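Fair warning: this is a prediction, and the values are worked out from it, not measured in the lab.
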Amino acid sequence: VSVPISNVGGKRTSSGLVLCFSRSLYDVGGAGVHWSASGVAMNFAAGVNARMSDHSTHCATTVSLLAAASLSSDRVVGGNVRGQGHMSHVYVALLHAGLMVVAWACIFPLGMLVPGNKAIVSRWLLLRALPPARRWFVLHIALQWTGVVLVVLSMVIIFSQTGVHLNEWVGLMGAHAILGLVVLVGLILHLLIAVVFRPAPSAPRRQLWDTLHRWWGRGMLLAAMCNLLIGTKVFAGMASDPTP
C-alpha cells in the first residue's frame, strides 16, 4: 500500500538516519486504522496547517487526529511510538539508569562497608535471630546479591527494549556501552571468585583471596561510578535530542 507524503527531508546524525515527512489527514482513510510500527521509532504530530510543524518527543503517547481539526492554527498535538510493545526510549533509559544508580551508588557500597563494621552490624535487632558471628556475613551477602539482581534487571530492560545496535556504539554511547559490559563481566567473575573459589578461613590462600576479593570489588565500583557519570551525559543528550 502506498500513501502520498510531502515535506520530505532527511539528515544523518550520530544516532542514525532521521527522516521527516508530512501526510494530509484527508489521505488517512477510515478512522481507527492502525499502522504497524514494529522496530521503527517515530515522533508524530497533528495540526491544521499544511506546513511542517515543530513538535517535541515529550508528549502524549497517542494523538487524536479528529481532535486536531478543532485546534487553532498555531497549535499542534503530538506523540511518539517506538515499535509495537516498546516503551519510549527516554523512559527506558531512565529506568535503566535508576536501577544502576541504586545498585552501584547505594546497595553495593553499603555491602562493602559491612565487613569493616561487624560490631555495629551484630547489634542490629533484625539480625538477632542469627548467630553473632554470622550476622555481618548474611547482611553482606544479602546486600551484594540485591545489587546483582538490580544490575541484571537493568541490563535486561535496556537491551530488551532498545536492542543491540553496534553501529550506534560511538562516542560517549560507545564508551558507556563497552565500559558497562566490562563491568558486567567483572561482576560475574567477582561472583565466581566469591562463591566458587572462596577458600576456607584457615586455608593458606585465604589472605590472598581476601585481598583479591576486596580490591576487585573496589575496582569494579570505581569503574561503575565512572560509567554512571558517562551515562548521565548520554541520557542528557538523549533527552534533549528531538529524534527518537
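Taking each heavy atom of Ala93 and Ile158 in turn, the nearest pair found is CA-CD1, 4.2 Å. Closest non-hydrogen pair, Leu139 versus Val121, comes out as CD2-CG1, 3.7 Å. Pairing each heavy atom of Pro115 with each of Gly111, the nearest pair is CD-O, 3.3 Å. The shortest non-hydrogen separation linking Asn227 to Ala175 is OD1-O, 4.1 Å.
Taking CZ from Phe235 and CG from Leu94, the interatomic distance works out to 4.5 Å, rounded to the nearest 0.5 Å. Interatomic distance, Met220 CE to Leu184 CG, rounded to the nearest 0.5 Å: 10.0 Å. With rounding to the nearest 0.5 angstrom, the CG atom of Leu179 is 11.5 Å from the CG atom of Leu172. The CG atom of Leu192 sits 10.0 Å away from atom CG of Leu187, with the distance rounded to the nearest 0.5 Å. Atom CH2 in Trp209 sits 9.0 Å away from atom CD1 in Ile193 (nearest 0.5 Å). We find the OH-CG distance between Tyr91 and Leu95 to be 12.5 Å, quoted to the nearest 0.5 Å.
Residues Leu189 and Val185 are in side-chain contact: their nearest non-hydrogen atoms beyond the backbone lie under 4.5 Å apart. In this structure, Trp136 and Asn117 have side chains that are not in contact, with every pair of non-hydrogen atoms separated by 4.5 Å or more. Counting heavy atoms from C-beta outward, Met155 and Leu181 have side chains that approach closer than 4.5 Å.
Residues forming a side-chain hydrogen bond (donor to acceptor under 3.5 Å, both in side chains) with Thr146 (at least two apart in sequence, or on another chain): none. Judged as a side-chain contact (heavy atoms from CB on, under 4.5 Å), and not counting sequence neighbours, the contacts of Leu221 are Trp104, Pro109, Met112, Met225.
A 6.0 Å sphere centred on CZ of Arg218 holds more than 12 heavy atoms belonging to other residues, nucleotides or ligands.
Partner of Asp210 under the side-chain hydrogen bond (donor to acceptor under 3.5 Å, both in side chains) criterion, out of Arg206, His213, Gln207, Arg214: Arg206 alone. The side chain to side chain contact (heavy atoms under 4.5 Å, CB included) with His176 is formed by just one residue from the set Leu229, Leu228, Val234; it is Val234.
The hydrophobic cluster containing Val101 does not contain Leu113, counting ILVMFWY residues as joined when their side-chain heavy atoms lie under 4.5 angstrom apart, directly or transitively.
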Next item on the list: Please step through side-chain contact (heavy atoms from CB on, under 4.5 Å) for the pair Val148 and Phe108, ending with a clear verdict.
Entry: CA-CA 9 Å; Val148 170; Phe108 282 133; 4.1 Å; yes
